[in-house]
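Starting from 1, each residue takes its place in the sequence as its number.
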Amino acid sequence: MTQQLPPLNPLKAFEAAARLSSLTLAAEELNVSQVAVSRQVRVLEEYLDVALFRRLHRGIEITREGQQLYEGVTQAFQDIAGAARLVSRRGRRDLLSIQSYTTFSQRWLIPRLGHFHDTHPRIEVRLSSSTAPVDFNAQNLDAAIRSGRGDWPHLHSEKLVDIELIPVCSPVLYANMKLAAPKDLSKVRLLHSMARPNDWASWLAAASATGVAASSGLRFENSALAYEAALLDIGAAIAIKPFVQRQLQSGALIAPFDVTCKTGEAYYFTWPKNVSPSAPLIKFLDWIKEQMASAGQT
């Protein structure tokens, strides 16, 4: 059965007047005239058939009945405000925890995250990096960007970009070493990522490069460090093409050969199959796929 409530605007005027012990101050707070507040209080008194204030020469004084009503109205307004806060999205930020590889984060994702925040200012992305397999049961993650063939039995996976390998070096090293053919890499220090130990061997086989020791050279913890070493003229790195695209466009790095090698693996956006993707996660996935497409990397 629906309960009949007193008129709400008069209740609001009464609460302000009772709290401030002044019709004038209540009018200033509510941005109305003092006459309007007095009229609203009168409407409530007539509705309840009881005096809520004693009108004095220099102000008002709340009655015993008015005090009882004020205490109940105050609690009711607090309950309404609390319920509104629970359901309101005003000012709320959605948290999205994403894990990725260091190189993917540094070389592709982080330079674009500002655009995502500008587009979705209420979604706060918390980005972590690891090469270890993801354990969604133990880690507080919404999604993870992983490399592989997309055949994880307990994960939903959305393909982002194929892993396509290409050698890169600095313009200085390219000019000094006169790299005319893949076999000329035998004259160059090869830079490896320990996280991807077979990339040089895969590319050299695809390029039919003979006389190049695929395992020789320097090893770094991840590909991002190998790319930095290449920028410093230390050697040639085997790069995942999307991760060096900006440096290739700017001329900071050079791809001395046209031969590329797809490994059959790709980067995937993954989350548990038993979890429905949240609205922020879907927005992030749509955004990252749009970024890949705009860069011509899908």
Side-chain angles (χ1 to χ4, degrees), residues 1-98 109-128 139-143 271 275-288 290-291:
M1 180 178 178
T2 303
Q3 295 183 357
Q4 187 173 1
L5 295 174
L8 296 181
N9 281 337
L11 275 178
K12 186 177 180 182
F14 162 74
E15 185 278 334
R19 172 165 44 83
L20 298 170
S21 299
S22 168
L23 296 174
T24 301
L25 294 178
E28 291 177 0
E29 180 178 289
L30 298 174
N31 198 29
V32 297
S33 68
Q34 190 265 357
V35 173
V37 172
S38 180
R39 186 182 303 117
Q40 291 289 342
V41 171
R42 288 287 189 191
V43 168
L44 185 60
E45 288 178 321
E46 291 173 4
Y47 177 87
L48 298 173
D49 195 21
V50 66
L52 300 173
F53 295 107
R54 284 184 286 273
R55 273 70 174 176
L56 306 176
H57 178 65
R58 294 184 176 276
I60 57 173
E61 182 180 83
I62 196 166
T63 65
R64 180 173 61 85
E65 293 82 2
Q67 183 63 36
Q68 288 178 324
L69 179 62
Y70 172 68
E71 292 172 0
V73 168
T74 299
Q75 184 61 55
F77 282 0
Q78 289 175 350
D79 291 343
I80 293 170
R85 282 194 300 270
L86 287 176
V87 301
S88 174
R89 300 198 61 80
R90 178 173 294 182
R92 182 183 297 181
R93 295 181 66 81
D94 292 306
L95 298 180
L96 191 61
S97 295
I98 305 292
L109 184 54
I110 290 175
R112 294 169 170 82
L113 271 181
H115 178 269
F116 178 80
H117 185 264
D118 291 341
T119 308
H120 303 286
R122 290 190 177 181
I123 301 177
E124 178 181 323
V125 177
R126 295 185 176 178
L127 181 64
S128 59
Q139 296 172 270
N140 186 25
L141 294 172
D142 295 294
W271 67 91
V275 176
S276 297
S278 65
L281 187 146
I282 292 173
K283 289 178 181 178
F284 188 84
L285 174 59
D286 289 343
W287 171 82
I288 200 171
E290 289 171 2
Q291 291 293 304

Exercise. Hey, what do you get for CZ (F116) to CZ (F284), rounding to the nearest 0.5 Å?
Worked result: 6.0 Å
Exercise. Would you say D142's side chain and S97's backbone share a donor-acceptor pair under 3.5 angstrom?
Worked result: yes
Exercise. How long is the gap from OG1 on T119 to NE2 on H117, to the nearest 0.5 Å?
Worked result: 10.0 Å
Problem set entry | R19/E29 ion pair, N-O < 4.0 Å | yes
For this session: Start with the C-alpha distance between L56 and R58, add both sets of side-chain angles, then the distance that settles side chain to side chain contact (heavy atoms under 4.5 Å, CB included), and finish with yes or no.
Result: CA-CA 5 Å; L56 306 176; R58 294 184 176 276; 5.9 Å; no
Exercise. How about N31: does its CG atom have over 12 heavy atoms from other parts shown lying under 6.0 Å from it?
Worked result: no
Exercise. Are I98 and L141 side-chain neighbours, meaning at least one heavy-atom pair lies under 4.5 Å?
Worked result: no
Problem set entry | Exercise: identify the closest heavy-atom pair between A51 and T63 | O-OG1, 2.8 Å
Problem set entry | Spatial distance of atom CG (L48) from atom CG (L69) [nearest 0.5 Å] | 6.0 Å
Exercise. Say you draw a straight line from CD1 of I110 to CG of L113; how long is it, rounded to the nearest 0.5 Å?
Worked result: 6.5 Å
Exercise. Can you name the nearest heavy-atom pair linking P280 to L96, along with the distance?
Worked result: O-CD2, 3.7 Å
Problem set entry | Single hit among R122, H120, R126 for side chain to side chain donor-acceptor pair (under 3.5 Å) with E124 | R126
Exercise. Under 3.5 Å, side chain of E45 to main-chain N/O of L52, donor-acceptor pair present?
Worked result: yes
Exercise. What closest approach, in Å, do L5 and Y47 show between heavy atoms, and which atom pair accounts for it?
Worked result: O-OH, 3.6 Å
For this session: Compare every heavy atom of N9 with every heavy atom of Q40, then report the nearest pair and how far apart it is.
Result: OE1-C, 3.8 Å
For this session: Take R54 and I60 through the side chain to side chain contact (heavy atoms under 4.5 Å, CB included) test and state the conclusion after the steps.
Result: CA-CA 6 Å; R54 284 184 286 273; I60 57 173; over 6 Å; no
Problem set entry | L44 vs P6 side-chain heavy atoms within contact, under 4.5 Å | yes
Problem set entry | Derivation of the side chain to side chain contact (heavy atoms under 4.5 Å, CB included) call for L8 and L11 | CA-CA 5 Å; L8 296 181; L11 275 178; 4.1 Å; yes
Problem set entry | Exercise: identify the closest heavy-atom pair between W287 and H115 | NE1-ND1, 2.8 Å
For this session: Assess the side chains of Q75 and E71: does a donor N or O sit below 3.5 Å from an acceptor N or O?
Result: no
Seminar exercise, completed: Rounded to the nearest 0.5 angstrom, the CD1-CZ distance for I62 and F53 is 5.0 Å
Problem set entry | Any side-chain heavy-atom pair of S278 and D94 under 4.5 Å | no
Problem set entry | Smallest separation among heavy atoms of L23 and A17, with atom names | CD2-CB, 3.9 Å
Exercise. Roughly how far, to the nearest 0.5 Å, is CD of Q291 from CZ of R112?
Worked result: 6.0 Å
Exercise. If you draw a 6.0 Å radius around CG in D79, do more than 12 non-hydrogen atoms from other residues or ligands fall strictly inside?
Worked result: yes
